[in-house]
Structure formats: C-alpha cells, structure tokens
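Here is the structure we will look at, set down as structure tokens.
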Amino acid sequence: MTLRVYNTLTKSKEEFQPREANKASIYVCGVTPYNYCHVGNARPYVVWDVFRRYLEYKGYEVQHVQNFTDVDDKILARAAEENKKPGEIAGKFIEEYFADLDGLGVQRAHAYPRVTEHIQDIIDMVQGLLEKGYAYQVNGDVFYDVSQFKDYGKLSGRSLAELRAGARVEVDKRKNNPMDFALWKKAKPGEVSWSSPWGQGRPGWHIECSVMALKYLGENIDFHGGGVDLIFPHHENEIAQSEAFTGQTFVRYWVHNGFVNFSGEKMAKSLGNVVSIREAREQYSGMAVRLYLLSTHYRSPIDFDLEKLSAAQKGWERLQNVWKTLEQVLGKEGGQLPAPAPEDMGERGEKLLTEAQEALNRFEEAMDDDLNTALAVGVLFDLSREINSFLREPATTGEEKAVLAQARQIFQTISGVLGLVPAAELGDEGELLDSLIKIIIELRQEARKNKDYARADRIRDRLAKLGIVLEDAPQGVRYRRK
RNA sequence: GGCGACGUAGCCAAGCGGUAAGGCAGAGGACUGCAAAUCCUUUAUCCGCCGGUUCAAAUCCGGCCGUCGCCUCCA
C-alpha cells in the first residue's frame, strides 16, 4: 500500500512519490520563541512527529528539519520589555520548547536551523533575487516583486487581483504592489541588525524558510508543513522566493494542519485565549494531550477544552493498562517468542492472532489514507480489547504466551508509530521504589489471606493517597501510578 | 466582499455510494472479601434543513440555515 496525502497545492489526495527512492524530506515551519508553547502550537509538531514515524515505519529514511525564527518583532518587543538581549529571550524559549514537546513524546528533528545563524545565506538569496529581477531595493529595504512571479497565488488559490481587492491593510507606499513583501528590513535605530549590501538590517519573515529549507533539504523537497494559517501569505511567499530563485519546484507536497480552537475561536497568542502545554500538563499527562490531538484527523479543526483532555486521559490510562498487564504476564522483554503453529495455539489464541494481524492491516490502511490517526487510534483500542479479553483467562501454555507476545508486538508497533508509549516514569530511583512497593504488596497479600481486610484496605488507601493505585487483578496484584 | 473548512448519539470522533468504527460519560451483568482494572450486553431506524440523482446517499448534485478559518503577525 502506498501513502496518500492531501496536497494543499492540488487540493486533492495524492500518492506519495518520493523525490528520491526510500527517502523523505520534511520541512516544518517552527515557532518564534518569544513565549511558552500552547496546545495549538503543539498540534503540527505532534502531527509531523507521527508523520515522520510512519514514514520510517514504511522504510523511508527521513530528514526532518524545523526552524526557529529567533529574531523578529515579537522577540524584540519582549526583549525590550524585560531589558534583555533578543538572543536571551529566544534561547530561553527554545529550551522551553524542547522541554514541552519532549513531554508530548515528540522526537527531535534532525536539524533546527535558526535565522540568526543563517544571515549570510539569507543575504545571498536576497541578492540572487535582486539580480534575477524578482526584487527591488528601496532605501535599505528590499521587497519581493510579486508581479514578476507568474504563479503567485497558486497555493492559496488567489489571484493578485483578488488579493488586492481584499487587502485589509494599509499599503506601504514604498511598495510597487500592495502584495509585495519584505525580504530584508532596514534596521530601526538601536535594533539588532546585521550589515548587508543594503545597509544595516535584518531578514524579512518569509525568506528564512526558503533559505533554510533549500540549504538543508535541497530543491524539490518532499513535504512542507505547518498550520493552515501559514498557507497565505507565508507559504505562498516561500514558493515565490524559492521557485524564482532556483527555477525548480520548491515542494512536492504541501501539508497543512487545522487549528486548535478554544471556546469557538482559534487558539492564538494574539487573541489571548491560549492554554500552554505546561498548563495542560499540570492536570493531564503528556500522552493524554497527544492522544487528544491524534483523536481528530489532522486537517480538521479541533476544539479544545480541559474536559476533553480528561476524556483523553482516561483513554490513555486504558492503553497504559494494556502495556502494564502485558508486562506483568510476559515480562519486560519477551516479545520475541517464536510464532506457534496454528494447530497448537488453541481457538482463543488463533482468534487473538488473527485480530492482531488484522489490526495491523487496518492500522496501515488508516495511516496510508492521509494519516488518519483518528481511525488508527480506534484500531489501537480495538486491539486493546482483544488483548484484555484474551487475558481474562491467564495464558497458560507456551503457545498461548507466544501468541500473546505476537499480539504485544503489534500493539507496541502501532503505539510506537503513534508515539503513544508510556514514559519510563519511575526512572532510576524507580528500581528502589518498585522493590519497596512489592514488599508492601506482599505484606498486604498476607493480610488478605488471613482475611484481615481492614489492614489490607488501609494499606491500599494509604498508598492511594500517595498516588499509587493497587489493583487485585486476576493475574495477580498490580500497581500503577496515578 | 473574495477564498476555504466544517455541521454524525449526552460529549468527542471515524466513515465519503451498499445500509452507522472507536473513546469518554450512562445503564445492566460477570469477576472481586470490598474496590480498582477488565470483559459481556446496552445507549443514533439515523448522520443541520429542504429538494434532486441512483436499485441504493451520512456519503454525489443544487438550495437554505448555522459555526469557524484565511485574506494582517499567527502552528
């Protein structure tokens, strides 16, 4: 099966044909680090994380690049406010970005280029555009001349005429055409700036992505992504710059995710209705946030509220219980037991194996269809039910365990591609804690055996207060952290 | 005004021509010393409204209503 993705450029689902066999290049527009990331910001990064994992699952060697816009008006403003250097602000929030996204299980991209580290590359490209007649200089500012690029508007489906008619912004008189945009901005007094052939200044917003995408991934890259709001003008302008400069198609597949709304409006810092990732995580686990985001198809808008996170939290706990139960029955490693012969695995074993294999097929089908993670999540829950159902009666024979191990492998594969994997929450000190809890459980079991339920319940209650939940499951006592 | 998306059970959400996945919540049952976890059963005669096409439509076409996004910085 081949992966089909919805391409904003053609407004249709297309089969993914990589630029280079077995390789996939991804460029995702990153954040401007001037504040903490909110849940809306996180969506594209979670989506692209899954996209990347799935491509890798399908055998592609992926190059994933994501920028940081580490100099821009908002950073400058915040720096001025706090009496700090812009670089300090950017540096701090880049760190926070990683901390937050790590918590959602987002793998690191292969490169995170920053604007301030590519000033010369940017100047070179602007210079190139000037030489080719696609740009003009006015008094230290350099603008892109959209009238020179015949395909302008092809991504957002607008014509220059329409754009002009709909313009809601005061026209900058220095521009030839209202839709022209800045490639290089002349520095205001006292602002951070770099010297250039046009005087002191800094890059415009759009040029950085063209420069860095071309530098790290080359021409004709496979995927370029970001939120739908970036289609116009940002991505439209990137196309204009890059294709004018190289004469090649810039991007093969443009992929845009829908917004996260909050109380009916999009969640955006400018509207002030944001919930930061760390706020959400005060109450809910990172995996719950991730599950919430993946429970809706990436192109649909998704409405945020904390109660939905609560539902996702419950769902995640269910998934997590499957991991824990399997671990309890099969041990931490396992999983590699040889597949039993069909005639040896018994009726229920055969059923489980069939269901599990079918789940994997359904999973791939869902993901191949424009990364339908919502359906894929459904498959994962189906598989969970099959596994739990099988475990109602403990697996006794070696064959049954082997079947279970196979099912676990599929469960882990699907979970892994979706990135819904329990963190090693207990860490190093967990070893000790784990042993201690086991001792307590043992003592409680003795009390239960002696029908000293008051004592048994007291132990359970007091552990519960510490956030450690005991469950007397048919397979034995199990504990988990709340 | 132009461009675009969406409207499926109490809530969330798949399905996009063949007779409604999944999650959360609710109800009943099984298991359990109790609880938790888990399993089973159950919860939309129907997919915003009105027409049309078709043997067959939530799915296609037309109209209407409603919500949202983009056209300006924004994931």
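The structure displayed is predicted, hence computed values, not measured ones. Throughout, a chain's letter reflects where its sequence line sits, starting with A, and its residues are numbered from 1.
Test A/Asp73, A/Asp141, A/Asp72 against A/Arg202 for salt bridge (Lys or Arg N to Asp or Glu O under 4.0 Å) and you get one pass: A/Asp73.
For the C1' atoms, the distance from B/A56 to B/G63 is 24 Å, rounded to whole Å. Separating the P atom of B/A9 from that of B/U59 is a span of 15 Å, rounded to the nearest Å. Nucleotides B/C12 and B/G2, compared at atom P, are 31 Å apart to the nearest Å. Between the C1' atoms of B/A25 and B/C68, the separation comes to 27 Å (whole Å). Taking the C1' atoms as reference points, B/G1 lies 37 Å from B/C11, given to the whole Å. When the P atom is used for both B/C34 and B/U43, the distance is 29 Å, rounded to whole Å. Nucleotides B/G51 and B/A5, compared at atom P, are 26 Å apart to the nearest Å. The separation of B/U8 from B/U45, taken at their C1' atoms, amounts to 14 Å, rounded to a whole angstrom.
Among the atoms of the strands shown, none is found under 4.0 Å from any heavy atom of A/Gly225. Within the nucleic acid shown, A/His297 comes within 4.0 Å of sugar-phosphate atoms alone, with no base atom in reach, counting heavy atoms only. At a threshold of 4.0 angstrom between heavy atoms, the contacts of A/Gly226 are confined to the sugar-phosphate backbone, with no base atom among them. Within 4.0 Å (heavy atoms only), A/Val28 reaches no atom of the nucleic acid at all. Counting any heavy atom pair closer than 4.0 Å across all strands shown, A/Tyr45 reaches sugar-phosphate atoms only and no base atom. Here A/Asn257 lies in heavy-atom contact (under 4.0 Å) with a base.
B/C68 atom P lies 16 Å from atom CG of A/Asp305, rounded to whole Å. A/Tyr6 has its OH atom 16 Å from the P atom of B/C16, to the nearest Å. Separating the CZ atom of A/Phe232 from the C1' atom of B/C73 is a distance of 13 Å, rounded to the nearest angstrom. Rounded to whole Å, atom P of B/A5 lies 14 Å from atom OH of A/Tyr298. Atom CG of A/Asp100 is separated from atom C1' of B/A75 by 14 Å (rounded to the nearest Å). Atom CD of A/Glu265 is separated from atom C1' of B/C70 by 15 Å (rounded to the nearest Å). We find that CD of A/Glu386 is positioned 10 Å from P of B/C39, with the value rounded to whole Å. What separates CG of A/Leu319 from P of B/U38 is a distance of 11 Å, to the nearest Å.
With sequence neighbours excluded, the residues that form a ring pair (Phe, Tyr, Trp, His ring centres under 6.0 Å) with A/Tyr54 are A/Tyr57. Under the rule for a side chain to side chain donor-acceptor pair (under 3.5 Å), the partners of A/Asn237 that lie at least two apart in sequence or sit in another chain are A/Tyr152, A/His206. Applying the ring pair (Phe, Tyr, Trp, His ring centres under 6.0 Å) rule to A/His235 yields the partners A/His224, A/Trp254, A/His256; only residues at least two apart in sequence or on another chain are considered. The ring pair (Phe, Tyr, Trp, His ring centres under 6.0 Å) test applied to A/Tyr45 returns A/Tyr97, not counting sequence neighbours. A/Tyr6 is linked by a ring pair (Phe, Tyr, Trp, His ring centres under 6.0 Å) to nothing, counting only residues two or more places apart in sequence or in another chain. Under the side-chain contact (heavy atoms from CB on, under 4.5 Å) criterion, A/Val47 pairs with A/Arg43, A/Tyr298, A/Leu371, sequence neighbours left out. Residues passing the side-chain contact (heavy atoms from CB on, under 4.5 Å) test with A/Gln313, sequence neighbours excluded: A/Tyr284, A/Ser285, A/Ala288, A/Trp316, A/Glu317.
For A/Phe16 and A/Tyr253, the ring centers are positioned less than 6.0 Å apart. Aromatic ring centres of A/Tyr27 and A/Phe250 lie farther apart than the 6.0 Å criterion allows.
A donor and an acceptor atom, one from each side chain of A/Gln63 and A/Ser25, are nowhere located under 3.5 Å apart. With no hydrogens or angles considered, a side-chain donor-acceptor pair links A/Thr10 and A/Glu14 at under 3.5 Å. Checked by atom type, the side-chain pair A/Arg478/A/Thr325 shows a donor-acceptor distance below 3.5 Å. Side-chain polar atoms of A/Glu279 and A/Ser276 form a donor-acceptor pair below 3.5 angstrom.
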statement: Per-nucleotide protein contact along nucleotides 27-35 of chain B, 5' to 3', at a 4.0 Å heavy-atom cut-off (B base, S sugar-phosphate only, - neither), is ---B--BBB
query: What string of B, S and - do you get for nucleotides 18-25 of chain B, 5' to 3', if B is base contact, S is sugar-phosphate-only contact and - is no contact with any protein heavy atom under 4.0 Å?
result: ---BSSSS
Would you mind writing out the side-chain donor-acceptor pairs for residues 452-465 of chain A within the sub-3.5 Å range, not counting sequence neighbours?
from     : atom 1 : to       : atom 2 : distance (Å)
A/Asp452 : OD1    : A/Arg455 : N      : 3.4
A/Asp452 : OD2    : A/Arg455 : NE     : 3.0

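Judged by distance alone, the side chain of A/Thr397 and the main-chain N or O of A/Glu400 form a donor-acceptor pair under 3.5 Å.
Put simply, A/Asn261 has no side-chain N or O that comes within less than 4.0 Å of OP1 or OP2 on B/C68. Taking only side-chain nitrogens and oxygens, A/Asn41 comes nearer than 4.0 Å to OP1 or OP2 of B/A75.
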Quick test: give all pairs of protein nitrogen or oxygen and nucleotides 57-59 of chain B nitrogen or oxygen below 3.5 Å, distance rounded to 0.1 Å.
none

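Contacts between residues 64-77 of chain A and RNA chain B, counted as heavy-atom distances below 4.0 Å, involve A/Lys74.
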